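Worksheet: one structure, shown below.
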Amino acid sequence: MYYDPFVLPFMIGLNILCIYLVVTYVRWIRSFSRADRHTILKNMISIKTLRACKEIFLESLVHHKIYRTSPFLGYMHMCFGLGWFLLIVVGKIESLVYHTSLFNPPYFAIFFRFFHPANEAFPHSNVFAFLMDLILLMILSGLALAWFKRLYSRLLGMKRTTRHRPFDRLILTVLWLIFPVRFLAESFTSGSRGGGSFLTHSAGEFFASFLPVESLSYPMWWVYSSVLGIFFLLLPFSRYMHIPTEMVYIFLKNWGVKQGRKFTAISKFQLYACSRCGICIDQCQLGSSLGLTTTQPVYFLKKIRHHEDYSQEIDNCLMCGRCENACPVDLHLNLLRLSQRKDYTHITKNTYTYIPAPRIPKARVAYFAGCMGHLTPGVIRAMRQLFEKAGIEYTFIDEQNGICCGRPMMLSGNYNAASIVVERNRTAILNSGAEILVTSCPICYTTFKENYHLNLKIMHHTEYIAQLISQGLLHPHASELRTVFHNPCELGRGNGICESPMQVLQAVSRPVPTKYDGKKSLCCGGSLANLHITPTQRSRLSEDALNAYLSYHPDVLVTACPLCKKTFAKNHHTVPIKDIAEIVAENC
Amino acid sequence: MNPMNVIIIGAGTAGCEAAYRLAKAGFTVELVEKECTPGGNLNNWFQLFPDRKQASALRQLLQQQVEHPSIRLHTDTVPVKIERQDARHYAMELDNGARLEGNALLVTTGFRTFDASRKEEYGYGIYENVITSVELENYFANRQILTSTGKRPERIGLIQCVGSRDEKMCNFHCSKVCCITAVKQAMELRELLPDAEILCFYMDMRMFGPGYEEMYREAQEKYNIKFVRGRLSEASENQAKQVVVKCEDTLVGKPMRMTLDLMVLMVGMEASDGSRWVAKELQLPLAPNGFIQPGDPHYATNRTAVEGVFVAGCATSPMNLTDTLTDARSAALAIGEFLNGNEHYN
């Protein structure tokens, strides 16, 4: 039996952690709704579980999404995640080959170099020693990068890095100690007894030349075991809770549990799965344009978790989704924010009775301009021209007594009020007997798709124009205009429509590629979702975004959202801002 | 000894008046104007409030004044470079190649009217029968009000606060003169169209000047102008090219909808491009609304943060003609004291 009292801190820490995690997760999972639990059971034994395993490998270990932000940052996270995982797995295999029993105690593999007399060779022992040293070196190189990142975050592709609580800094120190201590313990052992490979063996000889490694090695193993034990004990109360939680979250997500508009158990999993990597910080224009540094998801979730006051942060978010798009853990950051907004209006079914029910002529295609569309008559005029040119018979749903789609109320948390508006609009749309609903506003588009449960094809006018062109119903001619496209948040990131606008623009102009193309677009600053910033702050934000686009010197800045158009156009500028429908109508 | 020289940028109302007063006080003046004739925004106006005087009368007076032998007028040119050697020495290059030198600088770059197409929901530039208050003055000059389809309008709406007091446009300031301009224009409309319905949509009626409140009352009692308290929410165009507007009558608390044959947007004032350029060139601080910040709101309204550079008229804030003329004379006085070395306030 291999045993030494120094393994006790490690074993105590590990056991307490495991018990704590199991109890916590079981409690959370028990609070899932019946429907969610049913979904989990249904999907548990299916291909989805394998998919989750693959995702865990790619995200929790390799951290491949972080590579998109910066290869350095990705490598650093991979060193810790994959490195530590390999250290455990290869170490376990090594101990199995040596001991041939699957049931050797868990500490045996971790402290293998202590228990294994170096002169006793076993199959491939040199290969294992080499591998273990290589993995340790990989982790240490990641550690060096992490230190470096704390000092010079900009060089690793992050302008700003997360501000942590003192407690988190303590556990960070503990974590950073683990691997150097292991390195020292293994080196000292190797220096006195031999063993190890290129790294620990050479280091051991080096240390032995000037240190009493014989008497230092045993205390160093005590230190190593203690640091591990302390790390495990502190983990549940620190941000490193994300390590186990992210894996459970990935399973639950793949099994089909969805984040709704309420704060539920799945929200709790997400709260704890946030690693506070801080990648969201650079994405947030409230930070880069306005210098607001407490509202980014990393801080918002931190405040919820530690029960600090976050009332202001609830409202101070553009919900542009840039953070969500960059989040390596794939958290539903917008919905999490929304789940904290309270329903407060007193709108009833009678509130809107003064608006008569519109009589809408029937047609196969229905057009909905939306409130914002009505504030940009140029867009409506362009759409009318295009319908006419393509010879499409359409019915204009909100031409006379239009009602809001309900999204502004939903974004402020007022789902009950929104549902009344939704019901009225839904009736009007269904009465039109249309098969295709075309809208000019990406905000309405999102709501129609997510909340209206309409059994018809919903298209944003960008998609519809692209379709008319490909069907040969519209024949725009290519102009010489240099265009830059600002993809509205709700269209590109929100609904993944990135191809259609490019196809359309290529047909009518010479689009200039920018680093804000597709899902990387900026927020114009007109966001309906932010209930906190002042108009002046909004202006600064939109001015910054506009200048970022204008730095590519387009003849026209093109967008596909009436709100974006209005927001950009309020700035006094020489470059015209047009909707994609207007550009097409002008070149038809 | 040569008389001291003052450079004035902008020959609008303020520039002309200040130039004349400085010339009369014994200084020579270089007066720079980007247009072909002096007069500035006054050239676009037909009648003035509150006395309904012809704008051309005042314009002629100003133009006569700048014919003073001590005033050198440079029209159709703009400065391209301003050099401030010290508080009392300035050199300015014009785009026509001329180089001017002076001992003080007066900025009278005025205002620009708000570009109504930036407020797209009102349909300016999209709907045929939406015009601005500036264009309406032009109609008055021609004594004829017709819609785009050539008809006499039966219902006309004047829309207040277009680009002023508008949070969404980030123009928080009040342009001061649009309220009374609307009252004046509504009366002129009534004289040309005795049977038309004339409505004025407002947030507040700010009748700050002498005789203004009386004029407002007269407009309601004698001229039958309807004043509706409520801001326009949106406008659309119908088949007959009429403008269909939606708004809320906030005194009654009801949403309303009506058809207008002609819609007039009372466009507000913004800092002119010239003001912005000069401010940048001379590092003059701007107020949050974009106008040039005077040295002190009470004692140094004509001085700026840069010694020797003065400012007058609508370059500092929206003003009516009365105040602009007074401000120009005040600036002439301040410059005189500065150049003669007997300033009163520090």
Side-chain angles (χ1 to χ4, degrees), chain A residues 351-356 358 369-385 396 398-404 440 524-526 528 533-543 546 559 561-574 576-579 582 585, chain B residues 111-130 162-163 165-173 231-239 241 243-249 252-257 259 263 267-273 275-277 287-290:
Chain A
T351 310
Y352 300 115
T353 42
Y354 68 87
I355 303 173
C371 315
M372 287 298 159
H374 280 284
L375 295 183
T376 50
V379 179
I380 296 180
R381 182 175 62 175
M383 282 309 290
R384 283 183 194 271
Q385 287 169 358
F396 194 160
D398 59 340
E399 183 176 20
Q400 294 288 327
N401 293 305
I403 311 177
C404 167
S440 279
C524 68
L528 296 170
I533 54 173
T534 64
T536 315
Q537 286 178 308
R538 272 179 195 277
S539 274
R540 204 179 318 147
L541 208 150
S542 73
E543 188 92 36
L546 185 61
T559 183
C561 170
L563 179 56
C564 295
K565 186 190 173 200
K566 268 195 77 62
T567 309
F568 279 145
K570 81 172 175 191
N571 298 297
H572 187 81
H573 261 283
T574 42
I577 291 123
K578 287 187 179 162
D579 191 278
E582 293 175 291
Chain B
F111 67 93
R112 73 168 179 230
T113 47
F114 176 78
D115 171 11
S117 64
R118 272 159 70 198
K119 199 116 182 99
E120 194 180 336
E121 59 264 47
Y122 294 165
Y124 179 72
I126 297 171
Y127 306 147
E128 292 175 6
N129 287 306
V130 179
V162 177
R165 300 180 70 198
D166 188 338
E167 272 198 7
K168 285 186 181 164
M169 287 290 135
C170 266
N171 280 349
F172 294 92
H173 63 275
R231 208 161 194 184
L232 220 62
S233 65
E234 61 183 63
S236 55
E237 190 177 55
N238 65 15
Q239 297 268 314
K241 302 291 174 196
V243 188
V244 185
V245 295
K246 281 189 199 170
C247 112
E248 185 183 349
D249 185 335
V252 185
K254 279 267 159 64
M256 60 190 279
R257 203 183 138 87
T259 315
M263 179 158 103
V267 284
M269 294 186 191
E270 285 185 325
S272 71
D273 299 324
S275 298
R276 287 170 210 262
W277 182 84
N289 60 10

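These values consider heavy atoms only, across backbone and side chains, with no hydrogens, waters or symmetry-generated copies. Only a predicted model underlies this, so the values are computations on that prediction, with no experimental measurement involved. Note on naming: letters A, B, ... go to the chains in the order of the sequence lines (proteins, then strands), and numbering restarts at 1 for each one.
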* Structure fact -> Taken to the nearest 0.5 Å, the spacing of B:Met169 CE from A:Lys570 NZ works out to 7.0 Å
* Which residues satisfy the side-chain contact (heavy atoms from CB on, under 4.5 Å) test with B:Pro255, sequence neighbours excluded? -> A:Tyr354
* Asked: With a 4.5 angstrom heavy-atom cut-off, which part of B:Lys168 approaches chain A: side chain, backbone, both or neither?
  -> backbone
* Contacts of type side-chain hydrogen bond (donor to acceptor under 3.5 Å, both in side chains), residue A:Lys565, not counting sequence neighbours -> A:Glu582, B:Glu120
* To do: Identify which part of B:Ser117 has an atom lying under 4.5 Å from any heavy atom of chain A, answering side chain, backbone, both or neither.
  => neither
* Hey, which of A:Gly526, A:Pro535, A:Gly378 has the most heavy atom pairs under 4.5 Å with chain B? -> A:Pro535
* To do: Quick one: pull up CD in A:Glu399 and OG in B:Ser236 and give me the separation to the nearest 0.5 Å.
  => 8.0 Å
* **Spacing of CD belonging to B:Glu121 relative to NZ belonging to A:Lys566, to within rounding of 0.5 Å** => 3.0 Å
* **Interface moiety of B:Asp273 toward chain A, non-hydrogen atoms closer than 4.5 Å** => side chain
* To do: May I ask you to name which of B:Asp166, B:Val244, B:Ile126 has the most heavy-atom pairs under 4.5 Å with chain A?
  => B:Ile126
* Do A:Gln400 and B:Arg257 have side chains that get closer than 4.5 Å, going by heavy atoms? -> yes
* Asked: What part of B:Phe172 gets closer than 4.5 Å to chain A, counting heavy atoms only: side chain, backbone, both or neither?
  -> side chain
* To do: Look up atom CD in B:Glu167 and atom OG in A:Ser539, then write down how far apart they are to the nearest 0.5 Å.
  => 10.5 Å
* Which answer fits B:Arg112, side chain, backbone, both or neither, if we ask what part of it has an atom under 4.5 Å from a heavy atom of chain A? -> side chain
* For residues A:Leu375 and B:Ser233, report the shortest heavy-atom separation together with the two atoms involved. => CD2-O, 3.4 Å
